[in-house]
K.L.:
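Questions regarding the structure given below will be posed in turn.
Throughout, protein chains are lettered first and strands after them, A, B, ... in sequence-line order, and every chain is numbered starting at 1.
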Amino acid sequence: MAMTRDRALDTTRLRQDFPILGREVNGHRLVYLDSAGSAQKPRQVLDAMDDFYRRSYANVHRGAYTLANEASEALESAREKVAHFIGAGSPNEVIFTKNATEAMNLVVNSWGRANLRDGDVVVLTVLEHHANIVPWQILADQIEIELRWVPLDHQGHLDLTALDELVDGAKVVSFSAMSNVLGTLTPVRRIADAARAAGAMVMVDACQFVPHNPTDVAELGADFIAFSAHKMCGPTGIGALWGREAMLDAMPPFLGGGSMISDVRLDGFTPAPLPHKFEAGTPPIAEAVGFGAAVDYLSALGMDSVRRHEVELTSYALRTLTERFGDQIAISGPSEPAERGGVFSLAYRDLHPHDISQVLDERAVCIRAGHHCAKPLMRYMGVGATARASVYVYNDESDIDALSEGLEAAGEFFAF
Amino acid sequence: MAMTRDRALDTTRLRQDFPILGREVNGHRLVYLDSAGSAQKPRQVLDAMDDFYRRSYANVHRGAYTLANEASEALESAREKVAHFIGAGSPNEVIFTKNATEAMNLVVNSWGRANLRDGDVVVLTVLEHHANIVPWQILADQIEIELRWVPLDHQGHLDLTALDELVDGAKVVSFSAMSNVLGTLTPVRRIADAARAAGAMVMVDACQFVPHNPTDVAELGADFIAFSAHKMCGPTGIGALWGREAMLDAMPPFLGGGSMISDVRLDGFTPAPLPHKFEAGTPPIAEAVGFGAAVDYLSALGMDSVRRHEVELTSYALRTLTERFGDQIAISGPSEPAERGGVFSLAYRDLHPHDISQVLDERAVCIRAGHHCAKPLMRYMGVGATARASVYVYNDESDIDALSEGLEAAGEFFAF
Amino acid sequence: MPGLEDLYREIILDHYRNPRNRGELPTPPAHRFEGFNPLCGDEILVYVDLEDGVVSDVRIGGQGCSISQSSASMMSAAVKGKTVAEVRDLTTAFKGMMSIHETQLEGTDEEGEPPPDSGSDIALGDLEALRGVVKFPVRIKCATLSWNTLAQGLDELAADEST
Amino acid sequence: MPGLEDLYREIILDHYRNPRNRGELPTPPAHRFEGFNPLCGDEILVYVDLEDGVVSDVRIGGQGCSISQSSASMMSAAVKGKTVAEVRDLTTAFKGMMSIHETQLEGTDEEGEPPPDSGSDIALGDLEALRGVVKFPVRIKCATLSWNTLAQGLDELAADEST
Ligand SMILES: Cc1ncc(COP(=O)(O)O)c(C=O)c1O
Ligand SMILES: Cc1ncc(COP(=O)(O)O)c(C=O)c1O
């Protein structure tokens with residue numbers, strides 16, 4: 001593909017920022033198409049963490065010495081960056097967790113235990129990731145909540161024809177802003193408005209949304225959103241929960257320990273104010289520094305451009321794969337690029353996802369084969385697994401072409 | 001201090017491994033005496049993480065491609081290293097958490113909810129860190145457990161004269177193997193044996209023990225131990241829970257989400273086998289790599305040598321500080337180096353810890369001033385805060401001397 | 001770096017394309033064992049008829065990748081007519097072959113040789129073709145899925161009968 | 001890099017060595033307000049006698065570092081004889097001075113000047129000596145502890161009276 005001047009992102013230049021993309025596997029250049037699983041990291045993020053450890057590392061919030069002070073400022077400035085990135089009203093609304101999964105467990109446990117009673121209804125959708133299903137099922141072992149499921153239409157959109165009935169009487173509506181299997185973007189605001197009108201709390205699993213779209217929590221209309229740094233060019237070991245300050249304030253603590261208290265006596269404790277109330281123990285300090293750097297990196301690219309880039313790539317992928325393979329390929333999810341992100345679950349001939357992925361790996365094309373932590377969705381789709389390719393800022397048309405050629409090769413290899 | 005050949009560790013050479021120790025603060029070389037708060041990191045650990053991100057990064061356990069495979073092997077090999085470091089019977093007994101605090105919350109929630117009933121007794125000690133107090137207090141809001149407290153003797157040892165009565169009828173005995181304020185090493189085996197004889201589960205907060213002593217879980221005799229990587233030359237964002245396999249096996253999951261399941265259906269889920277059952281969501285992958293590298297680093301030094309080094313330094317500190325300041329200084333905890341670690345809570349004249357720490361910081365001497373997340377102990381000691389200096393592998397006598405001179409200067413500054 | 005041909009031997013592809021003993025058996029009298037691979041969602045069904053401690057018939061159902069399907073197909077051919085004790089020995093031998101040997105993972109050239117500690121003198125026959133799988137650690141679970149399903153099923157049966 | 005002398009002005013050390021209004025007042029009629037700094041464990045007690053909306057007497061108890069103790073001592077001297085409304089204004093002015101101003105944190109040379117948006121025309125007198133604290137962010141909580149304790153106490157009192 002020739003580069004044209006009016007592209008949303010200059011991927012050729014940008015790829016230089018990602019050391020791992022210079023690697024070869026099996027003699028081929030790495031074609032990384034598993035960013036929905038986890039994104040690669042630019043050197044700006046890696047250097048920020050490394051420099052921090054080499055210059056300013058100390059535990060935070062407790063020491064009066066220079067390093068401790070620098071470390072605390074680094075942590076809190078990362079919190080401000082993340083808050084700003086999603087349009088939060090205050091950094092106090094951003095809780096650092098170990099990943100998005102912990103963020104959702106925090107809400108289910110803290111808000112859930114304080115607010116749910118036997119017989120209460122929690123509405124989920126069938127396209128949810130396990131992280132937004134299993135915590136509710138664990139809670140359901142202790143409080144007899146009823147789970148209701150929003151179904152899908154034939155294109156993998158949420159089927160909202162019965163939305164009003166579904167949310168009627170519900171205490172919670174919790175759903176993903178973008179499916180990590182189908183790529184579907186869900187109408188967050190519409191669902192949130194309906195849910196709030198019905199008096200329900202709204203949590204949004206924004207793991208696949210925040211890394212790929214401009215995010216403004218006020219616009220989304222949810223009470224809580226959860227996301228992970230590692231899917232947005234940041235490090236492992238850190239995620240974030242955003243919540244409305246008044247709701248977080250009213251919630252009981254989740255994990256107990258250092259930092260999350262104002263006072264501890266033998267007979268009880270007084271929790272600290274936000275955000276520390278929900279951050280027990282030594283936080284992921286260097287990881288927060290990396291998270292902040294990731295947010296800086298993405299902001300410099302511009303989230304509008306990131307989204308435009310992915311729409312371009314999505315159009316290219318849908319078009320070229322369909323042109324090449326016709327009805328030998330089925331790509332799940334909405335056919336309209338504006339309604340989806342760059343995540344493509346493929347069914348190709350009758351090849352098993354594992355076998356496709358194996359042949360692709362031989363050519364250094366990395367895709368995910370499996371259930372993508374969405375087994376209820378797999379059952380709903382009537383499959384055990386899918387082969388999933390997903391793109392991010394560093395991918396371009398040549399990566400889609402490599403995928404395409406790899407599929408061709410897999411088809412030949414297993415032809416019979 | 002001149003170097004002699006028969007020292008336990010060659011600190012002069014070893015300091016070269018720690019980039020941050022080359023830094024100057026206020027024109028002085030950094031004298032880092034807050035390793036009980038968090039330890040500094042050798043380049044071996046930083047490089048391991050950086051290399052991993054630059055060469056082999058991908059999400060784990062889910063992909064069939066080369067990078068995903070390398071990342072999974074890196075994670076599991078780190079688990080094996082940590083397991084080996086503490087003498088665990090199997091890597092399945094090592095659960096990676098975000099920090100030691102989460103590890104203890106995991107036990108309190110999972111084991112606690114499954115096994116404790118109204119009226120049950122949990123025995124703690126007054127020297128506990130908040131991480132081993134507050135989770136129990138949170139649980140006590142839901143199950144009416146009674147907390148009993150082991151007192152201290154005048155030297156800061158646990159007073160075990162009434163041990164048998166204290167553990168009698170208890171369901172849990174949970175205590176620290178080494179105080180992060182007093183430095184006291186507690187008789188873990190003796191307490192564990194008494195507790196187990198009484199039928200109680202035994203959890204050990206080993207945050208200050210594992211980094212500084214050869215550790216063999218079989219010898220300790222506990223059911224669970226918790227510790228954090230960041231206090232043992234490893235990164236932030238990761239800690240570990242070790243538990244007896246049979247006990248972990250019998251426990252219900254704690255956090256729900258991806259990776260911790262074998263199957264998820266709309267009507268329920270089946271947890272995965274150990275260790276994944278307790279590791280919901282994307283784990284701290286690069287952090288595990290760093291944890292493994294930290295364990296390699298410490299193993300290469302030899303934990304016997306690490307302990308000997310700290311006993312040497314402790315003797316030196318206790319001796320020189322007392323010689324210099326006489327009854328103007330009071331150092332908490334056991335006076336016998338063999339009974340303690342290198343953590344020194346100081347009361348110096350009537351200076352406030354904050355003011356001491358401020359004057360020391362001017363000279364780049366980093367100590368901690370505060371309650372060290374042990375407010376019940378502070379109240380027990382009748383103080384609001386202490387000034388705490390603590391040593392690790394990279395400290396030597398010159399650091400103690402710098403502390404000593406700083407104290408002298410603080411005394412002069414505030415003299416009246 | 002091992003190549004695709006190490007994994008996908010011709011005989012494996014043949015069993016994948018033409019699976020043996022595909023189908024179901026009426027239960028009872030047959031026993032039905034179910035297994036799944038939580039990593040990829042593959043599911044396998046193994047039906048066995050047992051007569052006097054001998055596997056008189058076997059059928060394979062479910063879905064999976066070429067490795068799990070061909071392994072199941074080969075297994076069905078290998079166990080038919082064997083006693084339960086013989087099936088157990090064969091399973092041990094097969095899983096021995098499938099366990100990861102450091103030297104092989106390092107990528108030395110000993111593809112053809114049996115690992116030194118496979119130790120058993122049980123002939124694996126066609127199953128030898130699956131040896132290449134050990135070089136692709138994530139695929140080992142695919143190759144052993146049907147075997148684990150059958151072994152666990154037989155164990156449970158034995159446990160049921162002894163109570 | 002700011003030095004110790006920026007933090008520990010002579011007047012601060014003087015209030016630390018010779019704290020004004022140290023002690024207790026009988027409650028009632030006095031009010032007793034308690035505050036603590038969770039980071040370092042410092043605790044402060046502020047006793048105030050109020051007569052017709054005027055702070056007629058004040059005493060300081062508790063323990064803390066030189067900054068929190070001297071700030072409390074200066075506060076006690078500053079508020080005695082003032083109306084509650086005046087105390088509120090003074091608190092606002094003081095906390096305005098204590099809020100972190102980026103430029104000052106960067107370490108420029110404007111130690112002496114009031115930050116541009118402190119804006120109030122209330123004379124802080126001796127309290128100006130605490131201005132250097134803003135360069136030591138962790139110590140700001142020490143300097144504001146007594147002020148927050150008093151302000152919160154007065155707020156609660158007002159709330160109680162209005163119900
Ligand atoms: C004795 C003790 N327990 C628990 C902790 C908590 O460890 P973390 O903050 O890494 O969870 C610490 C350290 O802060 C400690 O010293
Ligand atoms: C939609 C969705 N939700 C939740 C998660 C869980 O994120 P994490 O594993 O970082 O906690 C993921 C990613 O795996 C995801 O794609």
K.L.:
Within the side chain of B:N59, is there an N or O that forms a donor-acceptor pair under 3.5 Å with the backbone of A:S38?
P.N.:
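Absent.
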K.L.:
Counting distance only, does the side-chain N/O of B:N105 pair as donor-acceptor with the main-chain N or O of A:G256 below 3.5 Å?
P.N.:
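Flag set: sc B:N105 to bb A:G256 pair under 3.5 Å.
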K.L.:
Decide side chain to side chain contact (heavy atoms under 4.5 Å, CB included) for A:R54 and B:I20; before the verdict, give the C-alpha distance in whole Å, the side-chain angles of both, and the deciding distance to 0.1 Å.
P.N.:
CA-CA 5 Å; A:R54 283 167 193 262; B:I20 204 171; 5.7 Å; no
K.L.:
Under the 3.5 angstrom rule, does the side chain of A:T236 hit a backbone N or O of B:A286 as a donor-acceptor pair?
P.N.:
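Between the backbone of B:A286 and the side chain of A:T236 there is a qualifying donor-acceptor contact (under 3.5 Å).
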K.L.:
Kindly say whether B:P284 contributes a backbone atom to a donor-acceptor pair with the side chain of A:E287 at under 3.5 angstrom?
P.N.:
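Not a single qualifying donor-acceptor pair exists.
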K.L.:
Taking every non-hydrogen pair under 4.5 Å, which of B:L67, B:L21, B:D267 racks up the most with chain A?
P.N.:
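Of the options given, most contacts go to B:L67.
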K.L.:
Rounded at 0.5 Å granularity, tell me how far OG1 in A:T66 sits from CG in B:L360.
P.N.:
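Taking OG1 in A:T66 and CG in B:L360, the distance rounds to 11.0 Å.
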K.L.:
Among A:I285, A:L266, A:L46, which residue forms the greatest number of heavy-atom pairs with chain B at distances under 4.5 Å?
P.N.:
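Heavy-atom pairs under 4.5 Å are most numerous for A:L266.
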K.L.:
Look at B:F254, B:F96, B:W136 and state which one has the largest set of heavy-atom pairs under 4.5 Å with chain A.
P.N.:
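Counting heavy-atom pairs under 4.5 Å, the top option is B:F254.
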K.L.:
Would you check if there is a donor-acceptor pair between the side chains of B:Y65 and A:S357 at a distance under 3.5 Å?
P.N.:
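Absent: no donor and acceptor within the cut-off.
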K.L.:
Measure the spacing between CG of B:N69 and CG of A:D361 and express it to the nearest 0.5 Å.
P.N.:
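Spacing of CG (B:N69) from CG (A:D361) equals 8.5 Å.
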K.L.:
Contact part of B:L139 toward chain A, heavy-atom cut-off under 4.5 Å: side chain, backbone, both or neither?
P.N.:
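Neither; nothing under 4.5 Å.
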K.L.:
With chain B as the partner, which of A:H371, A:Q142, A:R113 has the greatest number of non-hydrogen pairs under 4.5 Å?
P.N.:
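Ranked by contacts with chain B, first place is A:R113.
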K.L.:
Does B:A64 offer a backbone N or O that forms a donor-acceptor pair with the side chain of A:Q358 under 3.5 Å?
P.N.:
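A pair under 3.5 Å: no.
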K.L.:
Among A:I138, A:L30, A:L147, which residue forms the greatest number of heavy-atom pairs with chain B at distances under 4.5 Å?
P.N.:
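Max contact count across the listed options: A:I138.
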K.L.:
Show the nearest heavy-atom pair for residues B:S259 and A:C373, with the distance to one decimal.
P.N.:
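Closest heavy-atom pair between B:S259 and A:C373: N-SG, 4.4 Å.
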K.L.:
What part of B:A374 is in contact with chain A, defined as an atom under 4.5 angstrom from a non-hydrogen atom: side chain, backbone, both or neither?
P.N.:
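B:A374 has no heavy atom closer than 4.5 Å to chain A.
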K.L.:
For side chain to side chain contact (heavy atoms under 4.5 Å, CB included), just list the numbers for B:M49 and A:Y53, CA-CA rounded to whole Å, side-chain angles, deciding distance to a tenth of an Å, and then say yes or no.
P.N.:
CA-CA 12 Å; B:M49 293 192 287; A:Y53 274 130; 3.9 Å; yes
K.L.:
Output the distance between atom OH (B:Y57) and atom CD (A:Q40), rounded to the nearest 0.5 Å.
P.N.:
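Answer rounded to 0.5 Å: 7.5 Å.
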K.L.:
Regarding A:T282 and B:N99, do their side chains bring together a donor and an acceptor under 3.5 Å, going by distance alone?
P.N.:
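Short answer, no.
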K.L.:
Decide yes or no on side chain to side chain contact (heavy atoms under 4.5 Å, CB included) for A:K98 and B:E102, but give the supporting numbers first.
P.N.:
CA-CA 10 Å; A:K98 68 174 174 177; B:E102 187 198 353; 2.9 Å; yes
K.L.:
Assess the residue pair A:M378 and B:V264 against the criterion (side chain to side chain contact (heavy atoms under 4.5 Å, CB included)); give the C-alpha distance rounded to whole Å, side-chain angles, the decisive distance to 0.1 Å, and a yes or no.
P.N.:
CA-CA 10 Å; A:M378 293 293 118; B:V264 178; over 6 Å; no
K.L.:
When you measure from the side chain of B:D50 to the backbone N and O of A:D47, does any donor-acceptor pair fall under 3.5 Å?
P.N.:
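No, B:D50 side chain to A:D47 backbone: no donor-acceptor pair under 3.5 Å.
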K.L.:
Is any side-chain N of the basic residue among B:R379 and A:D263 closer than 4.0 Å to the acidic one's carboxylate O?
P.N.:
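The answer is yes: the pair qualifies as a salt bridge.
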K.L.:
Between A:R55 and B:E24, is there a salt bridge with N-O shorter than 4.0 Å?
P.N.:
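Looking at A:R55 together with B:E24, the answer is no, because their closest N to O distance does not fall below 4.0 Å.
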K.L.:
Heavy-atom pairs under 4.5 Å with chain A: which of B:T97, B:V45, B:L255, B:L124 has the most?
P.N.:
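Most heavy-atom pairs under 4.5 Å with chain A: B:L255.
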K.L.:
Atom OG of B:S56 and atom CZ of A:R23: how far apart are they, to the nearest 0.5 Å?
P.N.:
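It is 5.0 Å, given to the nearest 0.5 Å.
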K.L.:
Between A:Q137 (side chain) and B:R265 (backbone), is there a donor-acceptor pair under 3.5 Å?
P.N.:
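Yes, the answer is positive, given that a donor and an acceptor are paired below the 3.5 Å cut-off.
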K.L.:
Tell me, side chain or backbone of B:R388 under 4.5 Å from chain A's heavy atoms, or both, or neither?
P.N.:
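Neither part; nothing is under 4.5 Å.
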K.L.:
Select one option (side chain, backbone, both, neither) describing which atoms of A:Y32 are under 4.5 Å from chain B's heavy atoms.
P.N.:
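The side chain, not the backbone.
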K.L.:
Using non-hydrogen atoms only, which part of B:E70 is less than 4.5 Å away from chain A: side chain, backbone, both, or neither?
P.N.:
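Just the side chain, heavy atoms under 4.5 Å.
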K.L.:
Using a cut-off of under 4.5 Å on heavy-atom pairs, state which of B:L106, B:V126, B:V134 scores highest against chain A.
P.N.:
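That would be B:V134.
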